[in-house]
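Here's the structure, in structure tokens; my notes come after.
Letters go in sequence order (proteins before strands), and every chain restarts at 1. Note that this is a predicted model, so its numbers are computed, not measured.
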Number of protein chains: 4
Amino acid sequence: MTAQPIVKMRKKPRQARAVATIEAILEAAAQILQKEGEEALTTAKVADRAGVSIGSLYQYFPNKEAVLLALIRREREAIGAEVARKIAESEPKSGEDLVRGVISTLLVAFRPRRRRRKLVALMASLSVDRDNSGLELRDRVAYLIAAASRRFPDFAARPLSDISAYVLVRAVLGAIRSAVVENAKIIDDPEFEEELCRLAIGYLKAPDASAARKGA
Amino acid sequence: MTAQPIVKMRKKPRQARAVATIEAILEAAAQILQKEGEEALTTAKVADRAGVSIGSLYQYFPNKEAVLLALIRREREAIGAEVARKIAESEPKSGEDLVRGVISTLLVAFRPRRRRRKLVALMASLSVDRDNSGLELRDRVAYLIAAASRRFPDFAARPLSDISAYVLVRAVLGAIRSAVVENAKIIDDPEFEEELCRLAIGYLKAPDASAARKGA
Amino acid sequence: MTAQPIVKMRKKPRQARAVATIEAILEAAAQILQKEGEEALTTAKVADRAGVSIGSLYQYFPNKEAVLLALIRREREAIGAEVARKIAESEPKSGEDLVRGVISTLLVAFRPRRRRRKLVALMASLSVDRDNSGLELRDRVAYLIAAASRRFPDFAARPLSDISAYVLVRAVLGAIRSAVVENAKIIDDPEFEEELCRLAIGYLKAPDASAARKGA
Amino acid sequence: MTAQPIVKMRKKPRQARAVATIEAILEAAAQILQKEGEEALTTAKVADRAGVSIGSLYQYFPNKEAVLLALIRREREAIGAEVARKIAESEPKSGEDLVRGVISTLLVAFRPRRRRRKLVALMASLSVDRDNSGLELRDRVAYLIAAASRRFPDFAARPLSDISAYVLVRAVLGAIRSAVVENAKIIDDPEFEEELCRLAIGYLKAPDASAARKGA
DNA sequence: CATGAATGAGCTTTCATTCAT
DNA sequence: TATGAATGAAAGCTCATTCAT
């Protein structure tokens with residue numbers, strides 16, 4: 001895992017068998033990551049647990065890193081899509097509604113699977129350095145919030161600056177990340193969800209800081 | 001990094017020379033981590049850059065992990081102490097004052113040294129799994145805020161629950177962490193600091209969520 | 001290239017299509033060898049470049065080595081045939097004539113195709129160990145010279161011993177080999193050709209060494 | 001053995017033990033090369049036969065190729081030095097004397113050790129592409145001959161052009177190379193040596209070709 | 001105490017070859 | 001017959017750690 005920025009899969013699967021192989025590899029990688037940690041994630045182990053030969057692994061992934069990246073991308077897209085879908089079908093009536101919906105969905109997505117702990121930690125550390133196409137979750141959430149801040153009367157007072165959006169999204173996801181990674185039972189606590197909402201909504205409704213300062 | 005769960009240092013340094021050696025090793029490790037990343041951090045390289053033999057390194061640290069842990073702890077303590085000191089000498093007159101002071105100090109601590117980027121990422125991923133004594137920074141900040149929320153009139157309205165403190169501290173540090181790790185120039189932007197303050201202060205002053213709900 | 005000592009082709013091509021396939025495979029191998037070197041010559045790459053599946057390659061060649069051997073043999077036969085043909089049609093009038101003709105043809109055969117460099121090197125290293133049927137070029141040349149030394153008056157003085165033939169042929173081909181393999185532009189230099197002729201003709205005309213010694 | 005032009009040793013040995021290790025590695029490599037061929041030359045096998053760990057091998061050689069290169073260089077220097085020494089102490093009285101001395105020494109150097117067969121083949125194929133500092137043998141021989149062609153009356157008639165030297169040295173070494181590589185008993189035959197001398201001396205004494213042509 | 005040579009388990013990756021489809 | 005997914009032995013190489021000097 002030295003350099004090699006290659007990220008794509010080595011070959012497109014043309015037979016159904018191949019698709020199953022890829023899926024098995026990713027699932028095996030996820031399991032090992034979860035149960036034994038990143039250091040235990042060796043290509044041999046992944047192939048073994050996936051029930052395929054090591055050669056097959058390398059037929060579809062150019063190197064170990066590519067497996068990790070694919071795994072992370074899959075996870076991220078799954079969560080991102082879920083958030084978007086839930087929001088779309090819940091038809092929020094207010095900005096507050098929407099924020100509660102987003103946070104609730106995020107928590108649901110990260111919660112049940114304590115099994116995803118290591119993966120989330122990895123996502124945090126890997127995504128940054130190596131995968132710039134990977135900010136989907138954050139960007140999607142930021143987009144949703146920004147849209148809401150324009151569309152709904154309760155937030156309309158002040159449009160969201162880029163920096164505000166950055167702070168809000170990173171703060172909320174940062175807190176969730178901590179909860180997941182620190183393995184805290186707190187992530188199942190309704191009060192945690194409530195406080196997250198309070199943090200977000202309070203921030204979105206608060207008078208503009210600079211405006212406030214100038215006004216003072 | 002195979003076996004050996006030992007984590008403490010192998011021997012107490014009794015001579016000034018020993019202290020200097022340890023310091024040189026940690027500094028070398030920090031430099032390598034920063035300039036070349038975690039993968040490049042090998043014991044041989046650390047010893048070499050520190051100007052000591054590999055044998056000497058193992059005289060002071062039982063294994064590679066111990067070096068990393070010591071490095072992280074050093075960094076964390078430095079930042080924690082700085083926050084505490086700045087607050088102590090600034091004698092805040094209000095809760096808002098104190099929060100602004102804490103955030104400002106945190107940003108100063110993380111900011112100038114873009115060189116600390118990799119270290120911060122490491123702290124995040126390592127602290128959780130391997131060092132349970134390591135939450136000092138977070139705990140210290142949480143303690144400060146909690147104390148303030150009791151001491152100062154502007155926050156007095158509602159004492160900070162454990163969960164609230166958790167959310168607040170993780171949110172703020174999470175946003176800063178993002179800024180540092182994503183290498184964003186945003187960390188130098190005054191507006192970023194302002195928004196962080198707005199987030200924290202707004203949260204601390206907002207009416208209690210559950211109270212509000214009950215009241216409704 | 002593990003086991004399987006089989007060296008012959010697996011099946012006789014009975015259809016024109018098969019011949020074309022074999023030709024495509026050999027041509028692909030030659031190209032890869034030339035452009036990327038021996039290490040890059042993998043069966044998968046050969047099949048790919050030849051436009052056939054890896055399975056098909058193994059239908060015509062029992063293993064990778066057989067491909068190489070076929071390639072070398074093809075090359076060798078081509079050059080050998082060319083030398084023979086040129087000589088036959090030039091109807092040399094003297095031994096010197098014939099020698100000049102042979103050397104000239106050899107140089108023409110090896111020259112234009114700097115592309116054949118890697119192939120020549122291969123021929124040199126492979127032919128020895130693995131292909132004992134492969135001395136055709138050398139033998140053909142040796143035969144030509146030997147015949148000339150008997151047929152033409154200018155060489156008639158002394159019949160060529162086996163060892164003399166060996167020395168002469170290896171010397172001339174060795175010098176050409178060096179020129180090709182070392183990638184020297186020398187192979188295009190007319191003086192090079194002239195000197196080779198001088199070497200060969202001088203040797204063939206010189207008084208017998210042992211005779212000379214005895215005479216002395 | 002992909003790229004990596006590194007050729008030097010990884011670290012200078014500072015302890016006597018290290019020198020012995022290096023020697024053992026080279027000797028083991030030579031043996032394996034000889035008895036089992038180039039394909040059998042794996043780093044593990046070399047280390048094993050040398051009685052050292054694989055790690056030790058890589059402490060002194062950056063990669064497998066470096067081992068080969070060191071081996072070849074060692075061999076080449078040994079032969080080159082021997083040729084030079086023998087000539088120096090034999091104090092040849094004529095050019096013919098000197099040529100006979102050189103050829104005799106070369107044959108002695110290559111002869112007794114049928115064990116050197118594979119090594120010579122390797123030298124031929126490797127030296128060219130990868131080690132440009134490696135032409136010592138050829139250059140040394142060429143230098144000796146060139147000097148002789150100027151110093152001694154029997155060759156004085158015509159100074160040796162660069163191309164003539166090239167042809168002569170490659171021809172002689174090419175013939176010897178063939179004898180060694182083809183495993184022919186011919187290398188032990190005194191007539192072989194005699195014919196080589198005849199080839200070389202005849203060439204050196206022959207009237208200049210171009211002169212001859214012009215004269216005609 | 002310091003040194004650095006030695007160790008070797010274990011990792012990633014390649015590629016010739018097979019065989020079910 | 002042609003295909004290409006699957007195989008897995010085996011290779012090169014790294015690096016944390018030990019221990020004789």
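Looking at C:I25 and C:R49, their side chains never come closer than 4.5 Å, going by heavy atoms from C-beta outward.
In this view, B:S53 and B:S56 satisfy the side-chain hydrogen bond (donor to acceptor under 3.5 Å, both in side chains) rule, not counting sequence neighbours. Remark: C:I54 engages C:T43, C:A47, C:Y58 in a side-chain contact (heavy atoms from CB on, under 4.5 Å) (not counting sequence neighbours). With sequence neighbours left out, B:A24 forms a side-chain contact (heavy atoms from CB on, under 4.5 Å) with B:A50.
Nearest-nucleotide positions on DNA chain F for C:G51 and A:G51 put C:G51 closer to the 5' end. Residues D:I54 and C:R17 each lie close to DNA chain F; by heavy-atom proximity, the contact nearer the 5' end of the strand is made by C:R17. Place B:G55 and D:G55 on DNA chain E by their nearest nucleotides, and B:G55 ends up nearer the 5' end.
For the pair D:D48 CG and E:dT7 C1', the interatomic distance rounds to 14 Å; values are reported in whole Å. Between the CD atom of D:Q59 and the P atom of F:dG12 there is a distance of 19 Å, rounded to whole Å. The NZ-C1' distance, from C:K64 to E:dT14, rounds to 11 Å in whole Å. As rounded to whole Å, 16 Å separates atom C1' of E:dC1 from atom CZ of B:F61. As a whole-Å value, the separation of B:L57 CG from F:dC19 P is 17 Å. Taking atom CG of residue D:L41 and atom P of nucleotide F:dG12, one finds them 8 Å apart after rounding to whole Å. Whole-Å rounding puts the A:Y60 OH to F:dT7 C1' distance at 12 Å. Taking atom CD1 on A:I25 and atom P on F:dA6, their separation rounds to 8 Å, with Å as the unit.
In this structure, CG in C:D48 is found 11.5 Å from CG in C:L57, a value given to the nearest 0.5 Å. Note that CD1 of D:I22 is 11.5 Å distant from CZ of D:R74, once rounded to the nearest 0.5 Å.
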Quiz prompt | Secondary structure string for DNA chain E (Watson-Crick or G-U under 3.5 angstrom, | for other-strand pairs) | solution = .||||||||||||||||||||
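Between C:E36 and C:K45 there is a salt bridge, since at least one side-chain N of the basic residue sits less than 4.0 Å from a carboxylate O of the acidic one.
Between A:Y58 and E:dT14 there is no side-chain N or O to OP1 or OP2 distance below 4.0 Å. Note on D:S56: a side-chain N or O is less than 4.0 Å away from OP1 or OP2 of E:dT7. For C:T42, no side-chain nitrogen or oxygen approaches OP1 or OP2 of E:dC15 to under 4.0 Å. Within the structure, a side-chain polar atom (N or O) of A:T21 is placed less than 4.0 Å from OP1 or OP2 of F:dA6. Dashed line: the shortest gap from a side-chain N or O of D:T43 to OP1 or OP2 of F:dG12 is under 4.0 Å. For D:S53, no side-chain nitrogen or oxygen approaches OP1 or OP2 of E:dA6 to under 4.0 Å.
For residues 52-61 of chain A, no pair satisfies salt bridge (charged side-chain N to carboxylate O under 4.0 Å, His left out), with sequence neighbours left out.
Rounded to whole Å, the separation between the C1' atoms of F:dT21 and E:dC1 comes to 13 Å.
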